[in-house]
Amino acid sequence: MTHFYSAASPTNLKELINTAQEMKKNPLQYQEIGNGKLMVLLFFNASLRTKLSTQKAAMNLGMQVISMDMKDSWAWEFEDGVTMRFDKAEHVKEAANVICRYADIIAIRSFPSLIDQKADYEDQVINNFMKYSTKPVINLESAIRHPLQSFADLLTIQEHVKKANPKIVLSWAPHPKALPQAVSNSFLEWMYRAGHSVTVTHPEGYELDDEFMKGHMVEYNQAKAMTDADVVYVKNWSPLSTYGVVTNQSEDWMITKAKLDLSNKSKLMHCLPVRRNVVIADDAMDSDHSVIYDLAENRLHTAQTVIYSILKGSL
Ligand code: CP
């Protein structure tokens with residue numbers, strides 16, 4: 001059984017991208033494949049794009065969809081062998097087995113605690129669900145990865161940058177709250193799988209996990225990193241060294257149009273939601289550099305491609 005968990009999940013990435021391009025041209029061409037099948041979406045955290053795009057993607061393929069806000073369900077226990085005397089009412093073993101009696105595909109969003117790095121990087125919620133699931137599971141953003149976002153990132157870069165070896169920059173930007181590393185981790189993992197080396201720029205102390213930095217490089221000077229960039233992907237993440245604690249909110253790192261104008265007519269990308277004039281300035285968000293809405297649209301086509309491939313048995 002195939003789960004869609006990380007950049008390693010697709011057997012043939014080139015073929016998956018080709019399918020997404022074809023799916024985008026005619027989104028309703030495979031309306032029969034999901035007939036009589038149910039997708040269940042479990043949200044432990046908030047979402048706009050992921051919830052809407054995944055639901056619509058499943059519906060375009062003829063599936064029925066039930067989306068659950070997990071605040072309305074029982075609190076789950078994820079550890080095995082625990083005496084469940086306290087606040088956890090149901091073990092993930094029962095929950096997964098029961099949901100699999102109803103659903104044909106299950107999709108899960110679960111953010112990290114940002115308190116316990118070791119537990120977060122074990123990706124406990126989705127890994128334990130997959131352990132007991134008898135049906136394919138799609139990662140809608142787990143503690144450390146956001147593969148559906150990254151697949152859309154890759155498709156958008158291929159559409160907008162017609163170069164064999166584009167210069168791709170991942171720039172940290174300030175944010176008042178501690179945010180996960182999942183989008184950045186996954187972006188790097190997917191770019192590596194696609195054969196791209198990314199220049200990552202961030203303040204010292206904001207280094208990403210070595211596992212995800214494989215094949216990429218760090219440039220602490222943002223201006224230098226952005227010189228000649230074809231793509232500037234912007235994202236905040238909180239530091240690993242002082243886990244979950246924001247230590248830098250310097251406005252100097254905010255992305256502005258002036259910074260983008262110094263690059264190689266670069267395409268500005270962000271996964272959204274974004275805090276305007278904190279992470280990215282209005283003049284950059286609303287400039288010709290931005291392909292942010294194209295990227296958000298591609299969340300639909302790439303999610304549909306993943307669901308289609310699972311239904312077809314070709315992921
Ligand atoms: N980019 C993204 O995952 O958006 P949502 O959190 O709104 O789903």
Side-chain angles (χ1 to χ4, degrees), residues 4-7 9 20 24 39-60 65-72 105-114 120 123 125-126 137-157 159-160 168 170-173 175-191 208 212 231-238 255 267-276 278-280 284-285 290-307:
F4 184 76
Y5 170 70
S6 73
S9 300
K24 187 169 179 173
M39 168 169 276
V40 168
L41 307 177
L42 307 176
F43 283 89
F44 289 86
N45 304 94
S47 172
L48 187 150
R49 283 142 289 272
T50 305
K51 186 176 276 191
L52 291 178
S53 61
T54 310
Q55 284 195 198
K56 180 165 175 172
M59 289 156 74
N60 280 353
V65 183
I66 296 175
S67 183
M68 274 198 75
D69 181 340
M70 294 306 287
K71 286 198 289 295
D72 297 331
I105 300 177
I106 300 106
I108 302 177
R109 162 162 287 198
S110 177
F111 289 170
S113 66
L114 291 177
D120 285 346
D123 228 355
V125 173
I126 191 158
V137 175
I138 295 177
N139 183 351
L140 297 178
E141 187 172 350
S142 67
I144 55 170
R145 288 183 165 92
H146 195 353
L148 282 180
Q149 178 66 53
S150 311
F151 181 21
D153 298 339
L154 187 57
L155 179 66
T156 308
I157 290 173
E159 286 175 346
H160 282 279
I168 301 173
L170 170 63
S171 180
W172 182 91
H175 196 285
K177 289 181 68 179
L179 297 187
Q181 296 89 35
V183 169
S184 306
N185 287 346
S186 254
F187 181 75
L188 294 173
E189 187 176 63
W190 279 72
M191 291 305 130
L208 289 162
F212 298 100
V231 173
V232 177
Y233 197 98
V234 185
K235 187 71 187 81
N236 171 271
W237 62 86
S238 53
I255 301 297
K267 302 301 176 192
L268 171 65
M269 298 174 66
H270 189 284
C271 62
L272 300 177
V274 67
R275 292 189 183 221
R276 280 176 173 254
V278 176
V279 178
I280 303 176
M285 281 297 292
S290 173
V291 295
I292 285 172
Y293 302 143
D294 291 346
L295 172 55
E297 182 194 326
N298 280 339
R299 291 294 311 275
L300 166 63
H301 308 301
T302 46
Q304 193 168 325
T305 300
V306 169
I307 298 166

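We count ligands from 1, going down the list as the structure has it; atoms in each ligand are counted the same way. Keep in mind that this is a model prediction, so the values were computed, not measured.
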Counting only heavy atoms not in Lys56 (residues, nucleotides, ligands), do more than 12 fall under 6.0 Å from its NZ?
no
Of all residues at least two apart in sequence or in a different chain, which pass the salt bridge (charged side-chain N to carboxylate O under 4.0 Å, His left out) check with Lys71?
Asp69
Looking at Met70, I'd like to know if its CE atom is crowded, meaning that more than 12 non-hydrogen atoms belonging to other residues, nucleotides or ligands lie closer than 6.0 Å.
yes
Given Thr50, Val65, Ile66, the one that forms side chain to side chain contact (heavy atoms under 4.5 Å, CB included) with Leu41
Val65
Which word best sums up how the rings of Trp237 and Trp172 line up, parallel for under 30°, tilted for 30 to 60°, or perpendicular for over 60°?
perpendicular
If the criterion is any heavy atom closer than 4.0 Å to an atom of ligand 1, which residues make the list?
Ser47, Leu48, Arg49, Thr50, Arg109, His146, Gln149, Cys271, Leu272, Arg299
Got a donor-acceptor contact below 3.5 angstrom from the Arg109 side chain to the Asn45 backbone?
no
